[in-house]
There are 2 protein chains.
Amino acid sequence: MKQKGKPSEDITIFDVANEAGVSYSTVSRVLNNKEHVSPEKRERVLRAMAELGYVANIQARTLAGGRSHIVGLLVHGLDTSYIGEIMKGIDNELHTVNYDLMLYTTHRRKTKESAYVVKLTRNLVDGLLLVLPRNADAYLETLRQRHFPHVLVDHLGLPTIDAPAVGATNWQGAYEATTYLLDLGHRRIGFITGSMELGCAVERLEGYKAALEKHGIVIDPELIREGDFLQPRGYTCARELLALAEPPTAIFASNDISAFGAMEAVRDHGLQIPRDISIIGFDDIPQAASVNPPLTTVRQPLEQMGSSAARMLLDYIAEPDRPVERLELPTELIVRQSCREPLPLGLTSTL
Amino acid sequence: MKQKGKPSEDITIFDVANEAGVSYSTVSRVLNNKEHVSPEKRERVLRAMAELGYVANIQARTLAGGRSHIVGLLVHGLDTSYIGEIMKGIDNELHTVNYDLMLYTTHRRKTKESAYVVKLTRNLVDGLLLVLPRNADAYLETLRQRHFPHVLVDHLGLPTIDAPAVGATNWQGAYEATTYLLDLGHRRIGFITGSMELGCAVERLEGYKAALEKHGIVIDPELIREGDFLQPRGYTCARELLALAEPPTAIFASNDISAFGAMEAVRDHGLQIPRDISIIGFDDIPQAASVNPPLTTVRQPLEQMGSSAARMLLDYIAEPDRPVERLELPTELIVRQSCREPLPLGLTSTL
DNA sequence: GTGAAAGCGCTAACAG
DNA sequence: CTGTTAGCGCTTTCAC
């Protein structure tokens with residue numbers, strides 16, 4: 001016995017065939033936009049579908065070897081609007097081609113990530129979108145071997161991986177942000193990294209270092225703290241930076257969330273932003289504009305990254321053997337009010 | 001020809017049966033935790049599954065009349081962390097029972113909402129979670145008739161609807177917030193509503209009115225502006241309020257996002273929060289704590305609402321004919337720094 | 001308790 | 001161009 005739906009509502013391809021007076025293979029052809037159907041019959045089938053309110057059964061379709069018109073999206077969590085923005089882009093793109101989205105949250109557990117990937121590729125989805133994967137090496141090879149369409153989001157740059165991906169110009173963005181601080185007159189710039197297992201985090205650090213070197217400033221390892229893209233660690237790192245014998249006059253955090261943590265730390269330390277210390281972030285999530293003071297940051301085109309990735313995935317679904325494509329979208333420095341020139345020496349410790 | 005997966009990887013129930021030396025019906029029984037299987041065989045099957053790395057095929061399973069172990073989630077958009085918080089709760093709950101999530105975004109288009117519901121109930125998902133539905137009346141009856149498990153989130157209180165739902169004590173929360181403002185000494189309190197087609201918006205307005213009346217203050221319709229839960233409208237409404245001959249000394253916005261709009265308007269008007277005007281919000285999304293000044297607001301247990309709704313949905317999936325259940329979770333006033341006593345008369349226009 | 005058999009609704013060869 | 005024929009992998013009767 002079927003458990004869902006009333007029988008009367010279950011219009012199948014067979015009913016449509018009946019109504020249109022054709023065989024049900026013809027209906028299937030129309031359904032899948034195949035050729036070899038006379039325009040007249042196609043028309044009749046279409047009308048019958050509309051009249052009966054036919055809705056294709058995804059399960060049957062997929063089981064029989066067709067497409068499910070579903071893509072899987074693997075994210076680590078829904079905590080920040082970082083993901084929200086990317087999802088918005090994905091969603092918009094998918095919507096135009098009538099694809100649906102299956103959401104998987106790994107909660108930053110690496111084992112779950114692999115488990116999901118196995119499960120997904122054996123099931124249901126036509127392709128996989130992986131946002132900031134933590135454990136990609138473990139299954140990327142499998143995905144590739146099985147010719148299973150997939151695209152990484154924001155995970156360019158780690159040389160071990162050669163998978164389709166879309167990201168942003170992390171190095172460039174970090175370079176520009178650092179240069180901006182340098183031009184303001186800062187010489188001791190603290191840096192809070194992201195999760196260093198992520199390509200984007202590495203690139204940002206490199207960009208920071210490159211800008212410093214370009215200005216002939218030797219890199220002080222004390223000024224670089226390893227964060228994890230989360231607010232609490234941003235807070236801790238900033239506190240450590242502040243506690244240095246010779247604290248920085250500016251802090252560059254690898255993402256906005258960390259920057260928020262840093263801002264909190266600065267305030268708790270009794271200092272003012274940007275008077276006593278400048279803060280700069282990365283991402284430009286919506287929140288960045290509304291914190292106090294509005295955060296100067298490097299904008300990543302998150303939504304666009306999402307839509308580009310979805311677009312690319314759709315291409316791979318249509319043609320699984322396309323060559324590996326990698327897209328790098330431009331970042332942009334958004335100047336707001338969290339940075340300014342450093343205080344003349346000796347005035348920092350006014351508190 | 002199959003398009004996905006390598007044949008060698010496609011372990012089916014049949015392979016498991018082979019390996020375990022039983023018929024594949026027995027494997028199916030084990031898979032579905034049915035009785036009438038000897039412990040010994042069950043054990044053998046389980047071991048074979050593990051060894052072969054068997055993964056059930058959802059499509060086949062669903063097609064054959066079983067559960068898909070997927071629930072659908074219908075939201076209007078991913079713009080705000082309001083949804084993110086709720087999703088976190090849903091996700092956590094579903095995860096414990098190995099259910100997957102299918103995400104549908106309506107982009108606030110009412111027609112899409114109905115279309116999705118039709119599509120979903122004929123397909124794939126075992127149940128439906130509807131967050132802040134806009135057009136629920138259009139399909140709730142269908143859902144009920146078809147005994148299709150569903151739960152509304154944050155849509156209690158509209159008397160036309162009698163569906164399973166979880167929400168929060170909107171009336172009570174608004175009442176308390178208004179009372180708080182009143183106790184601070186405010187007498188002219190502006191109110192920005194939410195989308196009035198939503199039960200929660202209506203309740204919040206009622207709570208506001210009730211508190212005023214309790215204090216013997218006549219309700220001035222000029223002080224009530226119809227918003228839509230979005231920041232731009234919050235901004236506009238606040239501007240209108242500020243332009244009044246006798247402007248309010250406090251503004252109560254029906255959600256935090258609107259409150260942010262109001263804060264912007266107040267600042268653009270050259271006034272300070274909370275010195276010149278107090279602002280209070282509703283929801284307590286994460287952002288509320290980090291705006292400037294930190295927003296006093298009514299906390300809704302968003303995450304908990306999500307998990308309760310998921311839990312309830314699971315119950316309905318297990319037992320579709322359970323009586324309609326409605327859950328109302330408590331709200332709580334979170335006092336931060338956006339409110340204080342009104343300025344002595346005459347000092348407001350100091351600018 | 002267990003196996004055999006009959007589909008679920010659809011796609012993809014296969015003949016015409 | 002169109003209809004016929006097999007399954008896809010699984011759940012569920014139904015016998016044994």
Side-chain angles (χ1 to χ4, degrees), chain A residues 1-7 9-45 49 52-70 119 121-124 126, chain B residues 1-7 9-45 49 52-70 119 121-124 126:
Chain A
M1 198 190 70
K2 289 224 48 189
Q3 324 220 14
K4 299 190 296 195
K6 290 231 300 288
E9 296 274 14
D10 279 7
I11 311 290
T12 75
I13 200 179
F14 191 80
D15 300 317
V16 176
N18 235 27
E19 174 82 15
V22 297
S23 83
Y24 72 89
S25 347
T26 303
V27 177
S28 173
R29 288 195 187 93
V30 174
L31 202 56
N32 292 286
N33 262 308
K34 304 256 175 181
E35 5 187 85
H36 306 304
V37 179
S38 70
E40 182 241 348
K41 289 207 170 178
R42 183 180 297 272
E43 180 51 40
R44 258 199 290 163
V45 170
M49 281 184 180
L52 266 33
Y54 170 76
V55 181
N57 180 310
I58 297 180
Q59 293 88 150
R61 190 185 256 212
T62 317
L63 185 57
R67 299 251 146 87
S68 65
H69 287 249
I70 298 176
K119 184 175 173 186
T121 57
R122 277 252 324 115
N123 270 307
L124 211 58
D126 291 344
Chain B
M1 197 191 69
K2 290 226 47 192
Q3 324 219 14
K4 298 190 297 194
K6 290 230 300 289
E9 296 273 15
D10 280 6
I11 311 289
T12 75
I13 200 178
F14 192 81
D15 300 318
V16 176
N18 236 25
E19 175 80 16
V22 299
S23 82
Y24 69 91
S25 337
T26 303
V27 178
S28 173
R29 288 195 188 93
V30 174
L31 203 56
N32 292 286
N33 262 309
K34 302 258 176 183
E35 4 187 85
H36 305 305
V37 180
S38 70
E40 182 241 348
K41 289 208 169 174
R42 184 181 296 273
E43 181 50 41
R44 259 199 288 161
V45 170
M49 282 184 179
L52 266 33
Y54 170 77
V55 181
N57 180 310
I58 298 180
Q59 294 87 148
R61 189 184 258 215
T62 317
L63 185 56
R67 298 251 148 85
S68 65
H69 287 248
I70 299 175
K119 184 175 172 186
T121 55
R122 277 258 317 120
N123 269 305
L124 210 58
D126 291 344

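Chain letters run A, B, ... following the sequence lines, proteins first, then strands; residues in each count from 1.
Note on B:Thr62: every side-chain N or O is 4.0 Å or more away from OP1 and OP2 of D:dC10. Phosphate proximity of C:dG3 to B:Ser23: present, with a side-chain N or O under 4.0 Å from OP1 or OP2. Look at A:Arg61 and you won't find any side-chain N or O under 4.0 angstrom from OP1 or OP2 of C:dG9. Proximity of B:Thr26 to the phosphate of C:dG3: a side-chain N or O atom is located under 4.0 Å from OP1 or OP2.
For the side-chain hydrogen bond (donor to acceptor under 3.5 Å, both in side chains) test, residues two or more places apart in sequence or in another chain that qualify with A:Ser25 are A:Ser23. Partners of B:Arg44 by side-chain hydrogen bond (donor to acceptor under 3.5 Å, both in side chains), not counting sequence neighbours, listed by chain and number: B:Glu40. Residues that satisfy the side chain to side chain contact (heavy atoms under 4.5 Å, CB included) test with A:Ala60, not counting sequence neighbours, are A:Asn57, B:Leu63. A:Tyr54 meets the side chain to side chain contact (heavy atoms under 4.5 Å, CB included) test with A:Ile11, A:Ile13, A:Val16, A:Leu31, A:Met49, A:Ala56; sequence neighbours excluded. Checked against side chain to side chain contact (heavy atoms under 4.5 Å, CB included), B:Asn18 has no partners two or more places apart in sequence or in another chain.
In the set C:dG9, C:dG3, D:dC10, the nucleotide with an atom closest to the side chain of B:Val22 is C:dG3.
The closest side-chain heavy-atom distance from A:Asn32 to A:Arg61 is below 4.5 Å. Side chains of A:Val30 and A:Val22 form no contact here, defined as non-hydrogen atoms less than 4.5 Å apart.
One atom, CZ of B:Phe14, and another, P of D:dT11, lie 15 Å apart when rounded to the nearest Å. With rounding to whole Å, A:Gln59 atom CD is found 13 Å from D:dT11 atom P. Atom-to-atom, CG of B:Asn57 to P of C:dC10 comes out at 16 Å; the value is rounded to the nearest Å. For B:Ile13 and D:dC8, the CD1 to P distance is 13 Å, given to the nearest whole Å.
Here the side chain of B:Ser68 pairs no donor or acceptor atom with the backbone of B:Thr62 at under 3.5 angstrom.
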Quiz item: When you look at B:Val45 and B:Val37, which way does the side chain to side chain contact (heavy atoms under 4.5 Å, CB included) test go after all the steps?
Solution: CA-CA 10 Å; B:Val45 170; B:Val37 180; over 6 Å; no

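Summarising the geometry, atom NE2 belonging to B:His69 is positioned 6.5 Å from atom CG belonging to B:Asp126; distances are rounded to the nearest 0.5 Å.
Heavy-atom distances under 4.0 Å link DNA chain C to A:Ser28, A:Arg29, A:Leu31, A:Asn32, A:Lys34 of residues 28-44 of chain A, given in residue order.
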Filtered N/O pairs between nucleotides 5-7 of chain D and protein, under 3.5 Å:
from, atom 1, to, atom 2, distance (Å)
D:dA6, N6, A:Tyr24, OH, 3.4

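In the helix from C:dG1-D:dC16 to C:dG16-D:dC1, the end axes, each obtained as the rotation axis mapping the C1' atoms of four pairs onto the next four within a five-pair block, lie 40° apart to the nearest 10 degrees.
Pairs passing the salt bridge (charged side-chain N to carboxylate O under 4.0 Å, His left out) check and including a residue from residues 22-39 of chain B, sequence neighbours excluded, do not occur.
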